[in-house]
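Read through the structure below, which is laid out as structure tokens, and then see the notes.
Quick caveat: nothing in here was measured; it's all calculated off a predicted structure. Index from 1, following the sequence. Indexing begins at 1, ligand by ligand and atom by atom, following the structure's order.
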Amino acid sequence: MSKFFSEKYASLVPYTPGEQPRDMQYIKLNTNESPYPPSKKAQDLASEAAKRLQLYSDPECTALVNELASLYNIKPNQILLTNGSDEILNFAFMAFCDSNTPAMFADITYGFYKVFAQINCLPYVEVPLNDDFTLSKADYLNAGKTIFIANPNAPTGLALNLDDIEEIVKANPNNVVVIDEAYVDFGAQSAISLVDKYDNLLVTQTFSKSRSMAGARLGFGIGCEALINDLKTVKYSTNPYNVNSMTMAAGLGCLKDEEYTRKNCNQIIETRQYTAKELKKLGFEMTDSATNFLFCKHPNIDGGELYLKLKEAGVLVRHFDTDKLCQYNRITIGTRQQMDALIQKTKTILEDKK
Ligand code: PMP
């Protein structure tokens, strides 16, 4: 740290992204990316947009906003596009939390929530999940705080149903409830259907997972017009051109090819079910994932040891070195071929341990 670094960040612990190694061809199952390339339409429109990069991007993301509005049957003024959903989540911390209104989220959830609270110097409360990693709804009723729930949750993979989400939103009329639906397309119910009914609900989604566009950085939030206007105030006070024009074009191409997205999601769900079955045969225990990853542990091998041995064998998975998570690994669902390689290598590692 230099002597110039602001004191307010002295104890800030930044988010640690999953490894993005460039040194060898790993089977990369560690950052929940899609194993499939972006839609051809997304690629083609992005290349076209590259020819006009001398111009600033459209700060209103008009074409994308209109396309999303018709896809989700909402009004264009209920949507804000951002640089990945990380950005809209950060905007929500900035807009809806302060010293009187702390943020509240599970103790085991997306690690960035804590960092967003810290960088914005906001108070926050971490609510312990149950021992089986389920969330206790009662903890979130009349909370008096701005609530952040990843649904499905990461890294546990577990989803709440829409009735539970609605009950939480309804029970906090004076606070914003943010539902982070980064993984919703792999098996959970979206709360977008509730945004016209509740003025305190913000739903965030991303193009990074089901839409194969992690590298393009595109996310969005959907809520009532007033909430979206608050978020726009934050956006126009930080980075009006937060979505670049190639990404915008790719996003538009992607939305015009919904069938491709749906096909890929179905394939990933099928491969998840296959992988879960095969890993259970090897003795793994896991949560019931509604995502594009499995969260699993094995009685005969430590999570950290399996992670390292798989890495030596050329397969990257995600390991979290904390008390409650260190037995587990989070394994992204890749292609069937990639998962067969993972299963085979895991089998060998377990046999070598006997
Ligand atoms: N929410 C959750 C639960 C995530 O796991 C991630 C991805 N790491 C994000 C949000 C942010 O994803 P992105 O910024 O790529 O949209």
Side-chain angles (χ1 to χ4, degrees), residues 14-20 28-34 38 42 61 64 68 79-94 103 105-117 119 126 129 133 135 147-160 165 177-188 190-192 202-222 231 235 238-239 242-244 247-248 250-251 254-255 261 268 287 289-295 316-320 325 328-333:
Y15 177 72
T16 317
E19 295 162 271
Q20 304 291 355
K28 201 171 169 304
L29 307 175
N30 68 327
T31 49
N32 298 341
E33 290 140 327
S34 173
C61 302
L64 256 184
L68 281 171
I79 306 170
L80 179 65
L81 273 302
T82 52
N83 190 309
S85 58
D86 279 339
E87 190 179 46
I88 195 141
L89 290 164
N90 187 32
F91 287 173
F93 275 84
M94 293 167 84
F105 40 84
D107 64 338
I108 299 168
T109 188
Y110 185 32
F112 224 141
Y113 298 159
K114 196 199 275 199
V115 182
F116 289 140
I119 193 152
E126 291 175 279
L129 292 179
F133 299 114
L135 173 153
I147 296 171
F148 292 81
I149 296 176
N151 193 50
N153 197 13
T156 66
L158 293 174
L160 285 173
I165 296 284
V177 178
V178 179
I179 305 297
D180 170 356
E181 296 187 347
Y183 300 101
V184 74
D185 295 330
F186 302 107
S190 174
I192 290 177
L202 177 72
V203 179
T204 65
Q205 288 197 10
T206 180
F207 281 64
S208 297
K209 319 289 178 184
S210 58
R211 299 182 193 275
S212 301
M213 280 179 46
R217 314 303 304 126
L218 187 62
F220 59 95
I222 294 185
L231 294 164
K235 163 190 148 125
T238 48
N239 187 6
N242 58 338
V243 181
N244 73 72
T247 290
M248 239 183 261
C254 170
L255 292 179
T261 298
I268 287 167
T287 53
S289 173
T291 63
N292 66 339
F293 56 83
L294 291 171
F295 182 60
L316 267 189
V317 298
R318 186 84 195 254
H319 182 250
F320 299 91
L325 302 181
Y328 287 81
N329 279 297
R330 192 195 68 189
I331 304 173
T332 303
I333 302 302

For Phe186, which residues count as a ring-ring contact (aromatic ring centres under 6.0 Å, His included) partner, sequence neighbours excluded? none
Within the distance-only criterion (no hydrogens, no angle test), does the side chain of Asn153 pair as donor or acceptor with the backbone N or O of Leu158 below 3.5 angstrom? no
Could I get the full list of side chain to side chain contact (heavy atoms under 4.5 Å, CB included) partners for Thr204, not counting sequence neighbours? Ile88, Leu89, Val178, Asp180, Leu202
Sequence neighbours left out, what passes side chain to side chain contact (heavy atoms under 4.5 Å, CB included) with Tyr328? Give chain and number order. Phe133, Phe295, Lys297
Who's touching ligand 1 if we go heavy atoms under 4.0 Å? Gly84, Ser85, Asp86, Leu89, Tyr110, Asp180, Ala182, Tyr183, Thr206, Ser208, Lys209, Arg217
Which of parallel (below 30°), tilted (30 to 60°) and perpendicular (above 60°) describes Phe148 and Phe105? perpendicular
Contact check, side chains of Tyr110 and Asp86, non-hydrogen atoms, under 4.5 Å: yes
